[in-house]
Protein chains: 2
Amino acid sequence: MAHHSEIACLSKATIFKNLPLPLKKKLVTISSHQDFFPKGSFIRQPLDGKDGMIFLDSGHAKVYTLNTAGKETVLEVLNKGDSTGQENLFSTGNHENFIQATEDCLVCSMKRHDFQMMLKDSPDLALSLLNDFGERLITAEKNTVRRNSMNAKERVLDYLKDHGKKLGKTSFNLPLQKKDLANFLGLTPETLSRQLNALQASGQIIVKGQFISLN
Amino acid sequence: MAHHSEIACLSKATIFKNLPLPLKKKLVTISSHQDFFPKGSFIRQPLDGKDGMIFLDSGHAKVYTLNTAGKETVLEVLNKGDSTGQENLFSTGNHENFIQATEDCLVCSMKRHDFQMMLKDSPDLALSLLNDFGERLITAEKNTVRRNSMNAKERVLDYLKDHGKKLGKTSFNLPLQKKDLANFLGLTPETLSRQLNALQASGQIIVKGQFISLN
DNA sequence: TAATTGAATTGATTTAAATCAAGAAGGGAA
DNA sequence: TTCCCTTCTTGATTTAAATCAATTCAATTA
């Protein structure tokens, strides 16, 4: 929880990128910076007593819940620059989701109390955050449509294209294990494996382990 | 777009219910009130040039998208007191969703421009809205979990219990046609029909047309 | 009132994806 | 390096839900 004096991870976060410099500097003073989470470790979990939002300076993470039967549902895939848990800046309830590093991560975070203090005299900040919430809702809706109106092959291809677009690349490594990606797409690992094969066979992608290339 | 002088629909909306009275009064002055939408009509649709958020003073509505193949995905079920489209208070992009009255509706709405003016000097308002966004995200996640980790029967029962809880009742009329509810749950109408039968046969609910009673 | 139209239901059948099963590949730890 | 454990892949089989098909029902309107 070192407090840097210079503009760090926060200013790189998509969510705050349009804020004026003085405000960014203030945000940095109330943030923790570049906490290290090794692959597999939990950035957040239910009942950990932590509040506020987090964002990824580097690495990848997955957000998921467990239902009462222990079945996992992957809700979000976090890539470098993404943030999540904004809802914890306001509600006083405990968060219910697990956030687990799927690669070594550097994470910045902001506490509810500190954030709320700042919010009172920064309409810009509120607006920025409201915009970001809007984006997250739209993404959530997009994921719902993907699961609801596409078959297995279409879902896989749609995700890959979407991810490539987000990165601005046509080749990349998957940000999650395939079993987690399968879950995120509402599929089983077996089905994902077969669909990746099929997409490669039809010349639409190249797959080598975690590496994907779009054609 | 009549401008009432008294506190009307807006003050009843869940999203604003915790705001101080003077602020509510100001909100009323920038809202349209109780516009009537007959069953089947569109409250919003892509390219209608409308912006801002809406909320339901009475009636029911569904929010849905059409994919390029024309397949519908029902994203939200709106009941009395619910609001949607908050994301349109900020982004300048066009909204992509259809909002259609599934019963006769009275609708209030607020325009982006008017709202943003108010937001600048009302931190309370921003906070209220941010809270609401958080709720909507959590609901969206809950819907994802329902679709991802439950079979057809569980989804139906979970929805019915959820809806009953929301209303504080054990008997109610479904807020949508069954074909739309089926879509919202990621099912076909045939499957919904059969599952409602099965739930009735096992004594868990009573079904009479749109009327549902939970046991 | 009857006619029309879409919604809902019921039954028969198909099918996409899940499940089951077994081996191969990969990544740590000792 | 070997061992262990999890993930990934491939094949065979099952199954839950979709699809197809045909009535029935309900709402609207002429």
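Side chains are part of it too, since the values below use all heavy atoms of this structure and drop only hydrogens, waters and symmetry mates. Just so we're on the same page: letters track the sequence lines, and every chain starts at 1.
Here B:E96 does not pair with B:R44 in a salt bridge; the nearest charged N to carboxylate O distance is not below 4.0 Å. A salt bridge links A:D180 with A:K62; the closest basic N to acidic carboxylate O contact falls under 4.0 Å. Comment: A:E87 does not engage B:R136 in a salt bridge, judged by the lack of any side-chain N to carboxylate O separation of less than 4.0 angstrom.
With distances taken from any side-chain atom of B:Q177 to the nucleotides C:dA8, C:dT10, D:dT10, the minimum falls on C:dA8.
Between A:T84 and A:E76, the side chains place a donor N or O and an acceptor N or O closer than 3.5 Å (distance only, hydrogens not considered).
Distances shown here put a side-chain N or O of A:N197 below 4.0 Å from the OP1 or OP2 atom of D:dT10.
When each of B:R147, B:K71, B:E72 is paired with A:N148, the side-chain hydrogen bond (donor to acceptor under 3.5 Å, both in side chains) condition holds for B:R147 and for no other.
In this structure, the CG atom of A:D180 is 8 Å from the P atom of D:dC8, given to the nearest Å. Atom-to-atom, NZ of A:K178 to P of C:dA24 comes out at 18 Å; the value is rounded to the nearest Å. If you measure from atom CG of B:L176 to atom P of C:dA8, you get 10 Å, rounded to the nearest angstrom. Between B:L174 atom CG and C:dA7 atom C1' the separation is 13 Å, expressed in whole Å. Spacing between atom CG of A:L196 and atom P of D:dT10 amounts to 10 Å, rounded to whole angstrom units. The distance from atom CG of B:N183 to atom P of C:dG6 is 18 Å, rounded to the nearest whole Å. In this structure, the NZ atom of A:K208 is 14 Å from the P atom of D:dT9, given to the nearest Å. Going from atom CD1 of A:I212 over to atom C1' of D:dC8 covers 13 Å, rounded to whole Å.
Counting only residues at least two apart or in different chains, ring-ring contact (aromatic ring centres under 6.0 Å, His included) contacts with residues 57-83 of chain A comprise A:Y64-A:F98.
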| remark: Quick tally for nucleotides 17-30 of chain D: nucleotides whose base has a protein heavy atom under 4.0 Å get B, sugar-phosphate-only ones S, the rest -, giving SSBB----------
